[in-house]
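Both counts, for ligands and for their atoms, begin at 1 and track the order of listing.
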Amino acid sequence: MDLLNVAGELSGTERQRLLGIRQVAQHQVRKQSVGYWDREEFPTELIGKLAELGLGGLQLGDSSHLLRGLIHAELARADISISSVVGIHNELVLGMIRDLGSEEQRAQWLGKLAGFEAYGAFALTEPEHGSDIAGGIRSTAQRDGDQYVLNGAKRWIGMGTFSDFALVWAKDEETSQVGAYLVEADRPGYSASKIEHKIGLRSMQNADIRLENVRIPVANKLPGVTSFAAANQLLMQSRAWVGWQAVGAMMATLDICSEYVAQRQQFGQPLAAFQLIQQPLAEIAGNLSACLSMMGDIARKQERAELHMVDAAMAKSTATRLARDSAALGRAMLGGNGIVSDFEMAKVFCDVEILHTYEGTYEINSLIVGRALTGVSAFV
Ligand SMILES: Cc1cc2nc3c(=O)[nH]c(=O)nc-3n(C[C@H](O)[C@H](O)[C@H](O)COP(=O)(O)OP(=O)(O)OC[C@H]3O[C@@H](n4cnc5c(N)ncnc54)[C@H](O)[C@@H]3O)c2cc1C
């Protein structure tokens, strides 16, 4: 549902592309994703369908920010795990190599990434440093002739169990400068283990990564990263992407609940006929429309290269808060059936928890907005 016709701003060609992606996502991904989620299994076959639609290289085309955002929302509407795979792959891995990598790194990886023939991982968070990672990076890189030697640990790294390489954020031991290093997964001393028993994004694999004297050529350092400011630029764009994911989560909530209350009968009537069912449905639709409109504004700012961190932080924190509120209303509306993943709503309810937490938690993004409002930083 797009009450405000945000998608109406797309060109005819872009609108056709979005509709094509919606068809595949709704008919070939949505229901199929539930089993993968239950089994905590990476949905390789479903990603194959998205590769055919060119979604491995979403960042490389000339599509507008609005189209990209709406595509991310459509993917999240079908399955939030899959939209996370596509989002991290494009926003944080492919985008990072394109913008901050060397000519050789681009030539070696961009084509393969665009076809989902290769995967990368964005390895920033560490076991002891999450929200305070900007000043807390403990992983190190030490220059030794024409090589760097990397040591440290990374936690929560998406696709880290099977990716061909990880983009590892580490501190240069001599200069203390933060840098980013492309570390192929088959380098001796590199290991990744799957984080089991997650309650959300269950089909996207997250890893604990260990780096023990891993040697890489000097050419594997990303030349465009000379400080943590580069990470902030990437995180600003990816926070906007999570805002679109939250929009997709609210679309999914409305889809699932509208279908359910139309067919479920209690007291001799469909649930849809009760006022106390229509009121939360209207609230979810209002949350969705407010966020869709806000994200449309964010896309226009991105188009003009005027997006600031405070905008992205406000959009991310607001959209994920309202997606969480909406998912709670939706889950309750399905009664007992809202507790099992078979009816989809429980899956959305759990996945929204991750949107609330990753790419800067709700609290940290709120504090970025609070700092802009007051001029006082409450977190550094
Ligand atoms: C499923 C999943 C996928 C992820 N994927 C990736 C990935 O691909 N790559 C990557 O690098 N990272 C990834 N992350 C990591 C994610 O970005 C971190 O989990 C997040 O930044 C929070 O860090 P933390 O978990 O260490 O929590 P902590 O920083 O320990 O925070 C715990 C709680 O304290 C709050 N808190 C912390 N400091 C303050 C403060 N000053 N004031 C008020 N409250 C505060 C937080 O908001 C939170 O509620 C992923 C995480 C998850 C769960």
Side-chain angles (χ1 to χ4, degrees), residues 37 40 42 76 79-96 119-139 152-163 165-170 178 180-181 183 185 192-211 225 228 230-232 234-239 241-242 245-246 249 309 312-313 316-317 320-321 324 347-348 350-371 374 376-380:
W37 192 91
E40 290 189 76
F42 188 75
D79 179 47
I80 300 176
S81 297
I82 282 184
S83 86
S84 295
V85 171
V86 174
I88 292 173
H89 182 84
N90 275 283
E91 300 289 328
L92 292 174
V93 175
L94 190 145
M96 181 165 168
Y119 288 95
F122 181 83
L124 176 62
T125 306
E126 301 193 351
E128 303 305 328
H129 293 282
S131 300
D132 65 354
I133 191 65
I137 292 180
R138 292 291 171 271
S139 296
K154 295 287 173 182
R155 182 156 170 80
W156 289 117
I157 308 310
M159 272 85 75
T161 50
F162 59 86
S163 60
F165 62 85
L167 299 171
V168 174
W169 293 79
V178 171
Y181 304 83
V183 183
S193 56
K194 180 178 171 185
I195 298 177
E196 307 272 5
H197 313 307
K198 286 188 299 168
I199 65 155
L201 297 195
R202 285 170 58 81
S203 59
M204 189 189 76
Q205 317 286 299
N206 291 88
D208 273 313
I209 291 179
R210 291 203 67 77
L211 302 150
V225 179
F228 196 83
N232 273 333
L234 289 164
L235 292 174
M236 181 175 80
Q237 301 297 337
S238 66
R239 280 171 184 163
W241 153 63
V242 179
Q245 282 196 293
M309 184 59 102
K316 196 267 177 185
S317 58
T320 58
R321 171 171 58 81
R324 203 188 197 200
K347 174 170 164 275
V348 175
C350 293
D351 285 343
V352 161
E353 288 302 303
I354 315 296
L355 304 186
H356 202 257
T357 290
Y358 75 178
E359 301 299 321
T361 63
Y362 170 75
E363 290 77 16
I364 293 298
N365 279 296
S366 301
L367 293 178
I368 291 171
V369 179
R371 181 177 60 190
T374 62
V376 182
S377 174
F379 64 108
V380 283

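- Asn206 and Lys198 are linked by a side-chain donor-acceptor pair at a separation below 3.5 angstrom, with hydrogens and angles left out of the test.
- Protein residues lining ligand 1, listed by chain and number: Phe122, Leu124, Thr125, Gly130, Ser131, Trp156, Ile157, Gly158, Asn206, Ile354, Thr357, Tyr358, Glu359, Thr361, Glu363, Ile364, Leu367, Phe379 [non-hydrogen atoms, distance under 4.0 Å].
- Counting heavy atoms from C-beta on, the side chains of Met159 and Ile88 come closer than 4.5 Å.
- Screening residues 79-94 for salt bridge (Lys or Arg N to Asp or Glu O under 4.0 Å), with sequence neighbours left out, gives Asp79-Lys347.
- Under the side-chain contact (heavy atoms from CB on, under 4.5 Å) rule, Trp169 has a single partner from Ile133, Val225, Thr125, which is Val225.
- Neither side chain, Trp156 nor Asp208, offers a donor N or O lying under 3.5 Å from an acceptor on the other.
- Side chains of Gln245 and Tyr358: a donor-acceptor N/O pair is present below 3.5 angstrom, by distance only.
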